[in-house]
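First the proteins, then the strands, lettered A, B, ... as listed; each starts at 1.
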Number of protein chains: 2
Amino acid sequence: MAPLPGWKVGLVSARTADSARDIPEATVARLPVYLRALTTLVDNGTATCSSEELAAAAGVNSAKLRKDLSYLGSYGTRGVGYDVDYLRYQIAREIGVTQDWPVVIVGIGNLGHALANFSGFRSRGFRVVALLDADPDRRGERVAGIDVRDFADLEPIVREHGVAIGVIATPASAAQDVADQMVEAGIRSILNFAPIVISVPDGVDVRKVDLSIELQILAYHEQRKQSEATA
Amino acid sequence: MAPLPGWKVGLVSARTADSARDIPEATVARLPVYLRALTTLVDNGTATCSSEELAAAAGVNSAKLRKDLSYLGSYGTRGVGYDVDYLRYQIAREIGVTQDWPVVIVGIGNLGHALANFSGFRSRGFRVVALLDADPDRRGERVAGIDVRDFADLEPIVREHGVAIGVIATPASAAQDVADQMVEAGIRSILNFAPIVISVPDGVDVRKVDLSIELQILAYHEQRKQSEATA
DNA sequence: AGGACTTTGTGAACGGGAGAACAAACTGAG
DNA sequence: CTCAGTTTGTTCTCCCGTTCACAAAGTCCT
Ligand SMILES: NC(=O)c1ccc[n+]([C@@H]2O[C@H](COP(=O)([O-])OP(=O)(O)OC[C@H]3O[C@@H](n4cnc5c(N)ncnc54)[C@H](O)[C@@H]3O)[C@@H](O)[C@H]2O)c1
Ligand SMILES: NC(=O)c1ccc[n+]([C@@H]2O[C@H](COP(=O)([O-])OP(=O)(O)OC[C@H]3O[C@@H](n4cnc5c(N)ncnc54)[C@H](O)[C@@H]3O)[C@@H](O)[C@H]2O)c1
């Protein structure tokens, strides 16, 4: 009955029980990067790695990595490093991708097709359960083995599969309406590819991906580099 | 010769000359969002807007918006607001999208096709000048009116068009190699869609877009919402 | 067993960004 | 011209996130 180990285990299991109180948002955003790096290491047959190695694979500072991991618990061994497979499981559990999340994609145009065909969904904790489009001409089309269905069927599909996450790949003009109906149907997490700010009630999370914004940020820095080179 | 107007113009042109010294990175990342919102307002025929209105359209706090804009100069009028078209031009100039940037896309698979067909490039300051793929079967294929060419042609294309920005849409296994060759060819800004951290020399900017990471961040919050609901 | 060595986990200092609050500056009515 | 009303630009404070630096905790060799 050594006091320290007992206390430590108690603390760890306490954290596990109420699933880690408050993880900073910046850390949450990096956990998937660590998970990806660890999966690569597992595939390479690496059994153990140091914070330095993992940090390099994830493209971050090793001190930041260690601090991030410390929010989850003490999963490393001092003098040794981390058990790759064990740590990978712990992070996957923390993120919540030990089981697959059902996802619907709305707007099966250029981008929607690419998303539907994207094989990385399944391996990373997600399962596309429906493809929806408002255009009747899209109906009946099969994309990646899934029938494109009427957007009006959203609500029963969400109910049937317990869908919590929706992806918007419609034109910007339709995005707010699609989001409203997703919320109405019970979806509380939305990934929006349309270049517009959509507003949702409290309790609903929206993340956006905007290609043009990323390019424009690059353009800004590129412009500065070029004007410096001229000067 | 009123002293105040003269002084103000002097200050603005001074800032314009050395192109706004140091704009915080967080602000740079929001300028494209403001630009997008302003373009929408212009399309709606709005001539003037307050920081409150623009902030709402951009999904940010109005104090933050005003502070961001203050880094560019004093483009508003107290008691009135901002001239939408004028401010839009100033932000576009600051970002560097008053002319089009030539862009190459490498990896014309599912995602590459969608990107090539994306019409928003042109209107937002970018022009796709080449589509490249290593697969000989892709050669000769025409996507969005552009011939898919051999990845080996990268260097002459970059030189001919003065390409500064490259987009990687290949599998992760090829991404580092593609990035190396882009840098070799003279590209100094890269947008990476492959789920891997790529390393580049100093002076080269990389931004990444990773769908799985975004979904996993949503999954984390969704998991917490659901476990809270249960408790 | 003991001591040198390695690596984690964390306390503390630091820097940057977010937001509240207000003075300065402009408009327009009387 | 003056004054009330409006909205910007900026200062100030607080908080979050990053990074340094080191004690604690383990391994491994002798
Ligand atoms: N294609 C890209 O690479 C790319 C890149 C960045 C951003 N985007 C954005 O992603 C979105 C989709 O782009 P795209 O190129 O696939 O456009 P698209 O026009 O090819 O496809 C849009 C699809 O949405 C469907 N749709 C329209 N209104 C709908 C509604 N109310 N409900 C359900 N479905 C509806 C249309 O029928 C169409 O099939 C756009 O907002 C675009 O700006 C696309
Ligand atoms: N499809 C999506 O919606 C989606 C979403 C998120 C991320 N991604 C990522 O984007 C990347 C592309 O996805 P995809 O679905 O289009 O894959 P894909 O397999 O359909 O296309 C990849 C293309 O890259 C080409 N390629 C391979 N090696 C190359 C090389 N060395 N040089 C030039 N070209 C090369 C292939 O010939 C192929 O045409 C992947 O890394 C994927 O993980 C895709």
Atom [atom1] of [X] to atom [atom2] of [N]: distance rounded to whole Å?
X	N	atom1	atom2	result
B/D68	C/dG19	CG	P	11 Å
A/Y71	D/dC16	OH	C1'	9 Å
A/L65	C/dT7	CG	P	14 Å
B/K64	C/dA18	NZ	P	5 Å
A/L72	C/dT10	CG	C1'	15 Å
B/L69	D/dT10	CG	P	11 Å
A/I23	D/dC16	CD1	P	16 Å

> Taking for each residue the nucleotide of DNA chain D with the nearest heavy atom, is it B/A63 or A/T27 whose nucleotide lies nearer the 5' end?
Replying inline: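 Mapping each residue to its closest nucleotide by heavy atoms, the 5'-most match is B/A63.
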Within the pair [X] and [N], is there a side-chain N or O less than 4.0 Å away from OP1 or OP2?
X	N	result
B/Y82	D/dG9	yes
A/Y75	C/dT7	no
A/S51	C/dT8	yes
A/S74	C/dG9	yes

What nucleotide, of [options], holds the atom closest to the side chain of [X]?
X	options	answer
B/A26	D/dG9, C/dG17, D/dT8	C/dG17
B/R66	D/dT8, D/dT19, D/dA21	D/dT8
A/P24	C/dT8, D/dG17, D/dT10	D/dG17
B/N61	C/dA20, D/dT10, D/dA21	C/dA20
A/R30	D/dG9, D/dT18, D/dT8	D/dT18

>> For the residue pair A/D68 / A/T27, report whether a side-chain donor-acceptor contact shorter than 3.5 Å exists.
In response: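 Yes, a side-chain donor-acceptor pair sits under 3.5 Å.
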> Can you find an N or O donor on one side and an acceptor on the other, under 3.5 Å apart, linking the side chain of B/R78 with the base of D/dT7?
Replying inline: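 Side chain to base: no pair present.
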>> Can you tell me whether the side chain of A/K67 and the base of D/dT19 have a donor-acceptor pair closer than 3.5 Å?
In response: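 Counting by modelled atom types and ignoring angles, a donor-acceptor contact under 3.5 Å is found here.
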For [X] and [Y], indicate whether the former's side chain and the latter's backbone hold a donor-acceptor pair under 3.5 Å.
X	Y	value
A/W101	A/G96	yes
B/K225	A/G203	yes
B/T46	B/V42	no

> Just checking A/E25: base, sugar-phosphate only, or nothing, at a heavy-atom cut-off of under 4.0 Å?
Replying inline: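 Result for A/E25 = sugar-phosphate.
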> Under 6.0 Å between the ring centres of B/Y89 and B/Y86?
Replying inline: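 No.
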